[in-house]
J.: 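The structure that follows is given in the form of structure tokens.
Letters A, B, ... mirror the listed sequences (proteins, then strands); counts begin at 1.
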Amino acid sequence: MTEPTIFEMSSPGRRGVKMPVSDVPEVALPKGFERQELNFPEISELEAVRHFTRLSQLNHAIDTGFYPLGSCTMKYNPKINEATSRISGFANTHPLQPEDTVQGNLYLMYELQKMLAEIGGFAGATLQPAAGAHGELVGALMIHAYHKDRGDHQRVRMLIPDSAHGTNPATSAMVGFEIVPLATDARGNVDLENLKSLVDDRLAGLMLTNPNTLGLFDENVEEVIKIVHDAGGLVYGDGANMNAILGVTQPGKIGFDILHYNLHKTFSTPHGGGGPGSGPVMVAERLLDFLPDPVVGIIEEGDDENPPLYGLVSPAKTIGRIKAFHGHFGIHVRAFTYISMLGAKGLRDAAEKAVLNANYMQEKLKGSYTLPYDRSCMHEFVLEGFWDDVPGIQALDIAKRLIDYGIHPPTNYFPLIVKEALMIEPTETENLETLDRFVEVMLKIAEEARTQPELLKNAPHHAPIKRADELKAAKELVLRCYPKY
Amino acid sequence: MKYPQELKYLSTDEWVKVEDGIATIGITDYAQDALSDVVYVEFEIDPDDEVSAGDSIGTIESVKAAAEVHFPVSGTVLEVNEEVVDTPEILNQEPYEGGWLVKVQVSDESELDALMDAAAYEAYCQDR
Amino acid sequence: MFTPHTQKDVEVMLTSLGIEKIEDLFSVIPEKFRYPALNLPEQLTEMEAAADLESIASANGSTKELLSFLGAGAYDHYIPAAVDNLLQRGEWYTAYTPYQPEVSQGTLQAIFEFQSLICQLTGMAVCNASHYDGATAAAEAAILADSHFRGKRKKFLVSRAVNPQYRAVMRTYFRPHDDIQILGDDQETGIDADMAKFIGLIDKDTALVLVQYPDFFGRVIDYKALIDAAHAHGALVAVATNPTALALLTPPGELGADIVIGEGQPLGMPLSYGGPYLGYFAVTEDLLRKISGRLVGQTTDMDGNLAYVLTLTAREQHIRRGKATSNICSNQGLMTLAATIYMTVLGKEGFKEVANLCYQKAHFAADQLNQVDGYQLAFADTPFFHEFVVKSERPVAEVLEWLREHDILGGYDLGQDYPELENHLMLAVTEKISREDIEFLTAVLEEEYHD
């Protein structure tokens with residue numbers, strides 16, 4: 001395949017969408033600021049539509065096939081979410097409208113704050129963060145502000161398990177914390193002895209993903225949290241894997257002080273080819289005052305006749321504004337729609353089926369692939385993508401070969417503590433036939449690795465492109481198609 | 001894999017050679033091999049900077065990895081090898097020659113005593 | 001809901017696992033925390049949820065029913081039908097980040113085209129795959145500058161005429177770093193168009209100078225002296241821009257900017273009560289390695305065919321972890337696609353037409369308002385794009401209230417953020433506003449004045 005770029009398709013004088021002629025008297029452009037040229041493409045609307053349609057067809061997507069990408073929760077994105085987020089009363093409201101003209105939006109956000117807090121077992125929430133990593137930043141800023149407020153200026157150390165996602169250390173560094181790596185034990189839990197040896201009065205907190213990136217629920221989570229709390233630290237929960245425990249347990253009740261969700265993972269909002277995400281952050285009572293500015297609150301209680309008046313309020317010790325306006329409101333509408341349709345029962349069902357699906361596949365695959373942490377998993381599991389008897393084959397080859405069977409590769413080379421990791425997350429919305437087919441394909445690939453390894457080494461064979469030359473991309477940097485600038 | 005006899009080594013895969021109180025520092029053959037094709041080198045220090053052992057020299061990026069390089073000794077930076085910035089592949093081709101990174105006027109030569117010799121480093125690499 | 005499991009499927013799966021019930025899979029969770037009773041509304045069917053959401057939305061007044069002159073960072077432009085129609089293809093919005101290039105060429109090429117369009121628009125060499133919004137892009141510009149000078153320069157100068165929300169977000173990002181000073185946006189330094197006081201603050205300790213073009217008040221200001229002064233002191237200059245305005249105005253790249261950022265919402269994104277939008281982020285060739293976030297590059301595959309990949313990924317958090325300059329781990333994927341389609345279907349002429357209509361109508365509106373008793377155009381000697389400020393004899397809150405009674409969202413009350421601009425109202429005019437709308441606005445204001 002080679003689809004030309006929109007610049008290559010351009011033909012001088014060709015027009016797409018036209019604007020009406022002006023109905024007001026013409027005035028000159030500001031002198032000295034006139035732009036000389038704007039080399040935008042000139043193509044017809046039909047050509048543009050075909051171009052972007054053809055490009056879309058080069059993508060693998062949830063709507064086109066199985067997407068068992070670990071830690072990304074590629075579940076079905078219900079179409080109704082797209083419809084509700086486009087209702088004119090939501091889509092055409094300006095973020096700076098007077099509050100009395102956007103009571104619908106404020107009600108929805110207020111309720112979503114409440115629902116998300118309830119699901120996680122927390123006291124309050126902010127919807128402002130634009131993505132999970134942005135939520136982490138909010139959490140780390142609140143931890144910093146909390147200790148500072150108490151005069152605990154020496155609390156500068158953030159514990160981060162070695163299985164953690166890269167955003168955890170990157171976020172801690174942004175906030176100026178000293179990053180202290182924390183070991184994982186042989187069962188995939190936080191190493192308690194290591195933890196005990198690392199806590200003192202310099203401890204700011206622990207960033208803990210639970211279930212962790214191995215797909216395992218920490219067997220000692222209560223004790224882990226107690227150790228951190230006893231040392232005066234706070235526990236931040238990276239909620240990337242919340243899909244496993246929706247309606248099954250509440251991290252806030254277990255003792256987590258802060259937790260972010262990824263609405264685009266757990267609450268079915270689309271991944272959009274890399275975004276927009278949305279990363280609401282929930283907090284325990286003692287951190288409510290530190291939430292970003294503003295949150296949605298009730299300004300005037302309602303009565304039998306009138307609904308309450310909702311408005312934007314500033315928490316007393318707020319860390320400040322973290323994003324323009326109110327967060328990704330269009331994504332909030334989608335998540336609200338999803339939660340409304342699932343309710344408590346549906347959420348629990350989603351988590352249970354997600355975990356059932358993962359355990360089923362783990363069980364079927366563990367004979368043919370090494371399972372480094374062999375115990376019941378949550379919504380995902382991690383296999384080793386290599387065999388000692390087939391030295392030439394790596395996780396990458398297995399991943400690329402899956403493409404030939406119409407399946408998106410699992411997450412590979414993460415978590416870093418597993419050699420040649422393949423991290424597999426089926427989600428709850430996949431049926432038994434799909435799971436069985438995946439298992440069958442994985443077993444077939446394990447066989448091919450021994451009989452026809454070149455099939456794996458050169459895979460994919462049936463994709464829009466063959467393996468791409470990433471070294472060339474990095475050395476010969478071509479980052480835009482138009483030569484000028 | 002080469003482990004030149006005359007050099008001293010760190011467990012973080014830097015090498016250092018001291019002549020007349022001046023240390024030349026680079027990354028080892030093992031390190032360049034593990035990184036694979038180096039595409040970018042970024043220095044975090046300039047000549048005349050006072051540095052301590054353990055401070056960051058800069059970062060080396062390959063397609064898939066980024067590695068921070070550290071000073072094995074304390075002293076004053078004399079020279080930074082700008083050639084590796086322009087042609088980072090030198091680091092893969094000749095890590096011990098043209099791929100050197102910085103020269104430092106060493107302030108305390110006793111810091112070198114804690115480093116590995118070639119045999120110890122080779123054994124260390126083979127164990128990994 | 002949305003789980004396809006039949007009772008029989010579940011039995012098959014449980015049998016293969018050798019367990020009796022699904023609950024057994026959760027025995028690792030301490031029992032006292034297992035299966036809480038959640039206080040959530042009863043579940044709804046799709047039909048009920050659709051009706052519920054319609055009903056919630058009906059409590060809003062939208063720009064479909066209200067005549068809106070609100071801008072201040074988000075603008076009500078016409079969005080060609082092709083944009084949302086294409087965006088709703090599942091191949092686009094249900095795909096993940098393009099980490100597997102073989103099955104993501106669509107997303108990758110679209111981002112590459114986005115990068116190309118933004119480079120062209122801003123006059124810069126390199127553009128990333130986007131940040132969350134204009135405000136966080138501004139904060140990332142400061143992070144870039146901090147890292148560029150390796151933390152050695154401590155002053156970040158930000159003009160008071162930069163969007164107050166951008167300044168607030170930047171301060172939040174740097175809140176824990178006591179040694180970093182964000183300066184230049186106090187009332188004392190002011191908002192004068194000549195910027196003399198502001199330029200006077202630039203020195204050898206200045207890492208970054210951030211201005212907005214057109215500025216928050218819509219003014220088009222000549223930044224040449226400022227950029228020269230900043231560069232003379234070795235500082236970087238970041239310019240926050242409105243993308244529509246750049247169709248007509250000299251791009252900041254030609255003015256000497258080192259970093260150009262902006263809010264991409266005007267490029268085909270609905271207002272949607274503030275998001276999701278996108279923040280674009282472009283830099284000079286010299287700063288290429290310092291840019292955070294995703295970058296798409298062109299290369300070839302094993303057969304020598306053209307291919308696109310995410311490149312220079314070693315800068316990013318998943319590889320550098322604690323050493324990465326930013327923790328960003330996503331881009332506004334679908335929004336960059338919206339912007340790319342928007343700029344493409346309007347094309348060179350259509351995009352300029354939009355900008356020109358905004359410019360012409362805003363100037364007509366400003367002229368008309370200036371003639372209404374009790375209102376006077378502020379900053380009258382400074383050119384502006386599609387947003388302008390009028391001084392009112394009466395408190396702006398009263399004026400806005402009066403306009404509301406006539407279903408008009410009159411604009412933004414600047415007194416909220418600028419004590420020195422009490423009784424100043426800011427209005428934005430886009431191509432969607434007709435001459436009739438403008439005449440209705442002025443008639444209502446006339447009527448109010450003489451009431």
J.: Using a strict cut-off of less than 4.0 Å between a Lys/Arg side-chain nitrogen and an Asp/Glu carboxylate oxygen, indicate whether Lys400(A) and Glu102(C) qualify as a salt bridge.
T.: yes

J.: Which bit of Leu356(A) is near chain C, if near means a heavy-atom gap under 4.5 Å: side chain, backbone, both or neither?
T.: both

J.: Quick check for you: among Glu45(A), Lys18(A), Glu430(A), Glu219(A), which has the greatest number of heavy-atom pairs under 4.5 Å with chain C?
T.: Glu430(A)

J.: Does a side chain donor of either Asp349(A) or Thr3(C) reach within less than 3.5 Å of an acceptor in the other side chain?
T.: yes

J.: Among Val309(C), Thr311(C), Thr300(C), find the residue that satisfies the side-chain contact (heavy atoms from CB on, under 4.5 Å) test when tested with Lys472(A).
T.: Thr300(C)

J.: Sort out for me which of Lys345(A), Glu428(A), Glu470(A) touches chain C most, counting heavy-atom pairs under 4.5 Å.
T.: Glu428(A)

J.: Taking every heavy-atom pair that is under 4.5 Å apart, which of Glu222(A), Lys364(A), His408(A) has the most such pairs with chain C?
T.: Glu222(A)

J.: Measure up the Tyr273(C) and Phe329(A) rings against each other and bin them: parallel (under 30°), tilted (30 to 60°), perpendicular (over 60°).
T.: perpendicular

J.: With a 4.5 angstrom heavy-atom cut-off, is it the side chain or the backbone of Leu479(A) that approaches chain C, or both, or neither?
T.: both

J.: For the pair His134(A) and Tyr132(C), name the ring-plane relationship: parallel under 30°, tilted 30 to 60°, perpendicular over 60°.
T.: tilted

J.: Could you have a look at Val175(A), Leu141(A), Val49(A) and say which one has the most heavy-atom pairs with chain C under 4.5 angstrom?
T.: Val175(A)

J.: From the options Thr172(C), Thr136(C), Asp133(C), select the one residue that forms a side chain to side chain donor-acceptor pair (under 3.5 Å) with Lys323(A).
T.: Asp133(C)

